[in-house]
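Presented below is the structure to which this report refers.
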Amino acid sequence: MDIKKRVFVGMTGASGNIYSKKLLSYLSQQNYHLSVAATNNALLNANAEDNTVYKNIEDFLERNNLNVDKIYDINDIGADIASGSNRVDYSFIVPASMGYIARVANGISINLIERLTDVALKERRKIAVIFREMPLSKIYLDNMRKLIDAGAIIMPAAPAFYHQPKTIDDLVNFVIGKLLDSVEIDNNLYKKWE
Ligand SMILES: Cc1cc2nc3c(=O)[nH]c(=O)nc-3n(C[C@H](O)[C@H](O)[C@H](O)COP(=O)(O)O)c2cc1C
């Protein structure tokens, strides 16, 4: 019997695949059952950011030396993790596009990541989302408020600077450390304020 806690990472088409890589890399070294799915727009974005062409999510993971237990097809709306009876303990949507936020805030779930979000919210499970967009319209804010009211944790991809970051990795570690803190997953990705 699989007694590991189940963690899902969904990647959508906002900028910041560097955050997904860090999250996946960190979680893969912990004792979790780790699964992942990505939208086509997440991969398009990763292509632009990494100046390459990823054939698919498998290619993305392999070329970035990321090991996961299971890769889901974004269109597999009938996957086990999209059902209320299959518990996913922690879901992270990193990065989250405003399109994704708009759809799930309004009960629309077209792909697997959206359906899984729908289920996490109705089952009151832990789901944390990192968005990256600026400036913010009232529509974005209204949608994010709806999601927070429904139980999601919403975080901006906004690193702090009081910990004296020297590298991009320091900035990314801070954001992902705070994300993990938000669902009470202990981590030492950044130096806590003393
Ligand atoms: C190069 C590029 C960068 C983008 N960056 C962002 C972004 O930072 N934040 C965001 O919310 N949307 C961004 N978008 C727009 C989303 O990709 C778009 O809304 C898309 O429909 C989201 O699809 P998905 O939610 O199915 O992944 C970007 C699009 C492109 C092509």
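On a predicted model such as this, the values are computed, not experimentally measured, just so you know. These values consider heavy atoms only, across backbone and side chains, with no hydrogens, waters or symmetry-generated copies.
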Quick one: do Lys4 and Tyr32 satisfy side-chain contact (heavy atoms from CB on, under 4.5 Å)? Show the steps, please. CA-CA 5 Å; Lys4 287 182 181 176; Tyr32 292 114; 5.7 Å; no
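- Atom CD1 of Ile139 sits in a sparse spot, with 12 or fewer heavy atoms from other residues, nucleotides or ligands closer than 6.0 Å.
- Distance check, rounded to the nearest 0.5 Å: CZ of Arg103 to OG1 of Thr12 gives 8.0 Å.
- Partners of Glu133 under the side-chain hydrogen bond (donor to acceptor under 3.5 Å, both in side chains) rule, at least two apart in sequence or in another chain, do not exist in this structure.
- Judged as a salt bridge (charged side-chain N to carboxylate O under 4.0 Å, His left out), the pairs with a partner in residues 9-31 (not counting sequence neighbours) are, in order, Lys21-Asp50, Lys22-Asp169.
- In this structure, NZ on Lys5 lies 13.0 Å from CG on Leu27, to the nearest 0.5 angstrom.
- By the side-chain contact (heavy atoms from CB on, under 4.5 Å) test, Lys166 is found to be paired with Gln164, Asp170, residues two or more places apart in sequence or in another chain being considered.
- Counting only distance, with no hydrogens or angles, the side chain of Asn111 and the backbone of Asn75 share no donor-acceptor pair below 3.5 Å.
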Check the pair Val68, Ser35 against side-chain contact (heavy atoms from CB on, under 4.5 Å), reporting the backbone distance first and the verdict last. CA-CA 6 Å; Val68 302; Ser35 60; over 6 Å; no
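- Annotation: Glu62, atom CD; neighbour count of heavy atoms from other residues, nucleotides and ligands within 6.0 Å does not exceed 12.
- The backbone N or O of Asn17 lies less than 3.5 Å from a partner atom in the side chain of Glu49, making a donor-acceptor pair.
- Atom-to-atom distance recorded for Asn187:CG and Leu179:CG is 9.0 Å, nearest 0.5 angstrom.
- With sequence neighbours excluded, the residues that form a side-chain contact (heavy atoms from CB on, under 4.5 Å) with Lys146 are Ala105, Asn106.
- When all heavy atoms of Pro95 and Ala14 are compared, the pair lying nearest together is CG-O, 3.2 Å.
- Between Leu43 and Ile57, the closest heavy-atom pair is CD1-N, 3.7 Å.
- Residue Ile168 is grouped with residue Val175 when hydrophobic side chains (ILVMFWY) are merged at heavy-atom distances under 4.5 angstrom, including chains of intermediate members.
- We find the CG-CG distance between Leu66 and Leu61 to be 5.5 Å, quoted to the nearest 0.5 Å.
- Between Ala157 and Tyr19, the closest heavy-atom pair is CB-CE1, 3.7 Å.
- In the model, Arg63 has a side-chain atom that pairs as donor or acceptor with a side-chain atom of Thr52 under 3.5 Å.
- In this structure, CG on Asn45 lies 9.5 Å from OG on Ser97, to the nearest 0.5 angstrom.
- Expressed to the nearest 0.5 Å, how far OG of Ser137 lies from CG of Asn143 amounts to 8.0 Å.
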Would you check, one step at a time, whether the test side-chain contact (heavy atoms from CB on, under 4.5 Å) holds for Arg6 with Asn86? CA-CA 10 Å; Arg6 287 158 61 110; Asn86 265 288; 4.1 Å; yes
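- With contacts defined as side-chain heavy-atom distances shorter than 4.5 Å, the pair Lys126/Glu184 qualifies.
- Listed by chain and number, the residues in a side-chain hydrogen bond (donor to acceptor under 3.5 Å, both in side chains) with Arg87 are Asp89 (sequence neighbours excluded).
- Contacts of Asn67 classified as side-chain contact (heavy atoms from CB on, under 4.5 Å), with partners at least two apart in sequence or in another chain: none.
- Between Tyr54 and Asn64 the shortest side-chain heavy-atom distance falls below 4.5 Å.
- With a 4.5 Å cut-off between side-chain heavy atoms of Ile, Leu, Val, Met, Phe, Trp and Tyr, the cluster of Leu141 takes in Phe8, Tyr72, Ile74, Ile81, Val88, Ile93, Met98, Tyr100, Ile101, Val104, Leu112, Ile113, Leu116, Leu121, Ile127, Val129, Phe131, Leu136, Tyr140, Met144, Leu147, Ile148, Ile154.
- Judged as a side-chain hydrogen bond (donor to acceptor under 3.5 Å, both in side chains), and not counting sequence neighbours, the contacts of Tyr190 are Asp181.
- With a 4.5 Å cut-off between side-chain heavy atoms of Ile, Leu, Val, Met, Phe, Trp and Tyr, the cluster of Phe161 takes in Leu171.
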Mind running side-chain contact (heavy atoms from CB on, under 4.5 Å) on Phe60 and Lys55 for me, showing each step along the way? CA-CA 7 Å; Phe60 170 83; Lys55 288 199 286 274; over 6 Å; no
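- When every heavy atom of Pro156 is checked against every heavy atom of Ile130, the shortest pair comes out as C-CG2, 4.3 Å.
- Side-chain atoms of Ser20 come within 3.5 Å of backbone atoms of Val94 as a donor-acceptor pair (strictly under, hydrogens ignored).
- With hydrogens and angles ignored, the 3.5 Å screen pairs a side-chain donor or acceptor of Glu114 with a backbone N or O of Ile110.
- Within 6.0 Å of atom CD in Gln29, more than 12 heavy atoms from other residues, nucleotides or ligands are found, so the atom counts as buried in its surroundings.
- Asp142 meets the salt bridge (Lys or Arg N to Asp or Glu O under 4.0 Å) test with Lys138; sequence neighbours excluded.
- Shortest non-hydrogen contact noted between Gly84 and Lys122 is CA-NZ, 4.4 Å.
- By the neighbour-count criterion of 12 heavy atoms within 6.0 Å, atom CG of Asp149 is densely surrounded, having more than that number from other residues, nucleotides or ligands.
- Annotation for Val119 and Ala82: closest pair CG2-O, 3.2 Å, computed over non-hydrogen atoms.
- Every residue was checked against the side-chain hydrogen bond (donor to acceptor under 3.5 Å, both in side chains) condition with Asn40, not counting sequence neighbours, and none meets it.
- Tyr26 is linked by a ring-ring contact (aromatic ring centres under 6.0 Å, His included) to nothing, counting only residues two or more places apart in sequence or in another chain.
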